[in-house]
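Counting convention: from 1, in listed order, for ligands and their atoms alike. Scope of the values below: all heavy atoms of this structure, side chains included, with no hydrogens, waters or symmetry mates. What you are looking at is a predicted structure, and each value in this text was computed from that prediction instead of being measured.
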Amino acid sequence: MKKIEPLYEGKAKKIWKTTDPNLLIAEFKDSLTAFDAQKKSSAKGKGALNCKISAYLFELLEKHGIKTHFVECISDNEMVIKKAQMIMIEVVVRNIATGSLTKRLGIPDGTVLPFALVEFYYKNDDLHDPLINDEHALILELVEHESELEELKRLGREINVVLKSFFDKAGLNLVDFKVEFGKDSEGNIILADEISPDSCRFWDKESGRKMDKDLFRHDLGDVKVAYAEVLQRIQKVIS
Ligand code: TMP
Ligand code: ASP
């Protein structure tokens, strides 16, 4: 299996076609963007950190019966993934209120939610990824059937249960995260994209220190130092 040509380039990853029609390569980039790419920077080595963190978390989720697109890492910042038809919905799961939830609903920052909140956002840069409900998703034909929305919610909650307890062992509160799904060649919904400190919020359990992309979004500290510590803590729990 060899890399052929780029298929798609996003803000944080470049996706390559390969000689195997069922497989792609995801190259994790060092670029950092926030607020619809209005704020841009890069951090050398960030791509490699996110690639490793995502690989560990995909493997962990697979062990818990959640199907993912992950196949294997082939370099510091590249992984082989299964080709999937992406579902244009960002599934956000929240345990603690912060970010856009506090802004939208006025829930005080840091409020522990009574249950994990699952939200859908329409993955559309031109529209700035708006929050949508099930009916919007059906009208926009983002899925074929209502049951698929129920499956996305169930998967979001299951992923949350696994990751929350894993990160608890790593001394981190999993505040919230965003996941994306695709359909594989047999029509199964599989977890795709990435799971990294770019797409999750982690707060240190003891100090409350932020260890995710909010450091970049709000100029609060060194992203690479924090991401490297997240990776180290993951490796410590796994070993
Ligand atoms: P939010 O509070 O800004 O809506 O973010 C919720 C979660 O989703 C948080 O963990 C960060 C993640 N996220 C992304 O991965 N990509 C995005 O474009 C946005 C806005 C949030
Ligand atoms: N991922 C989005 C961007 O690059 C927003 C964010 O994560 O804050 O603009």
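Salt-bridge check for Lys13 with Glu27: failed, with every basic side-chain N at 4.0 Å or more from each acidic carboxylate O. Ion pairing between a basic and an acidic side chain is recognised when a charged N comes within 4.0 Å of a carboxylate O; Lys236 and Glu229 show no such pairing. A salt bridge between Lys29 and Asp198 is absent, with no side-chain N of the basic residue lying under 4.0 Å from a carboxylate O of the acidic one. A salt bridge links Arg201 to Asp176: one of the charged nitrogens lies within less than 4.0 Å of a carboxylate oxygen. The pair Glu150-Arg154 fails the salt-bridge criterion, with no side-chain N (NZ, NE, NH1 or NH2) lying under 4.0 Å from an Asp/Glu carboxylate O. At a threshold of 4.0 Å, the pair Lys205-Asp168 counts as salt-bridged, since one of the basic side-chain nitrogens sits closer than that to a carboxylate oxygen.
Between Asp129 and ligand 1, no N or O atom pair is found at a separation short of 3.5 Å.
Using a 4.0 Å cut-off between heavy atoms, Lys213 makes no contact with ligand 1 at all.
Of the protein's non-hydrogen atoms, the one nearest atom 3 (O) of ligand 1 is Arg201 NH2, 3.6 Å. Regarding atom 14 (C) of ligand 1, its nearest protein heavy-atom neighbour is Lys178 CE, 3.6 Å. Considering only non-hydrogen protein atoms, atom 17 (C) of ligand 1 sits nearest to Glu90 OE1, 4.3 Å. Looking only at heavy atoms of the protein, atom 10 (O) of ligand 1 is closest to Asp176 OD1, 2.6 Å.
Taking every non-hydrogen atom of Arg217 and a distance limit under 4.0 Å, the qualifying atoms of ligand 1 come out as 11 (C). For ligand 1, the atoms lying closer than 4.0 Å to a non-hydrogen atom of Phe177 are 10 (O). The Gly99 neighbourhood of ligand 1 comprises atoms 2 (O), with distances under 4.0 Å to a heavy atom of that residue.
The 4.0 Å heavy-atom shell around ligand 2 contains residues Lys11, Thr33, Ala34, Phe35, Asp36, Ala37, Lys213, Arg217, ordered by chain and number.
Side-chain N or O atoms of Thr102 include none that pairs as donor or acceptor with a backbone N or O of Ile107 at under 3.5 Å. In this structure, the side chain of His64 does not engage the main chain of Leu61 through any donor-acceptor pair within 3.5 Å.
In this structure, atom 19 (C) of ligand 1 has no protein heavy-atom contact shorter than 4.0 Å.
Under the 30°/60° scheme for interplanar angles, the aromatic rings of Phe167 and Phe202 are found to be tilted.
Taking the ring axis of Tyr121 as reference, the NZ or CZ atom of Lys178 does not stay both within 45° of it and closer than 6.0 Å to the ring centre.
In the hydrophobic clustering of this structure, Val80 does not group with Met86; members are Ile, Leu, Val, Met, Phe, Trp, Tyr whose side-chain heavy atoms approach within less than 4.5 Å, directly or through other members.
Taking all heavy atoms of Cys200, Ala12, Ser100, Pro197 into account, the minimum distance to atom 4 (O) of ligand 1 is reached by Ser100.
Taking a 4.0 Å cut-off on heavy atoms, Glu119 fails to register as neighbouring ligand 1.
Just one of Tyr122, Phe181, Phe120 meets the side chain to side chain contact (heavy atoms under 4.5 Å, CB included) condition when paired with Ile89; it is Phe120.
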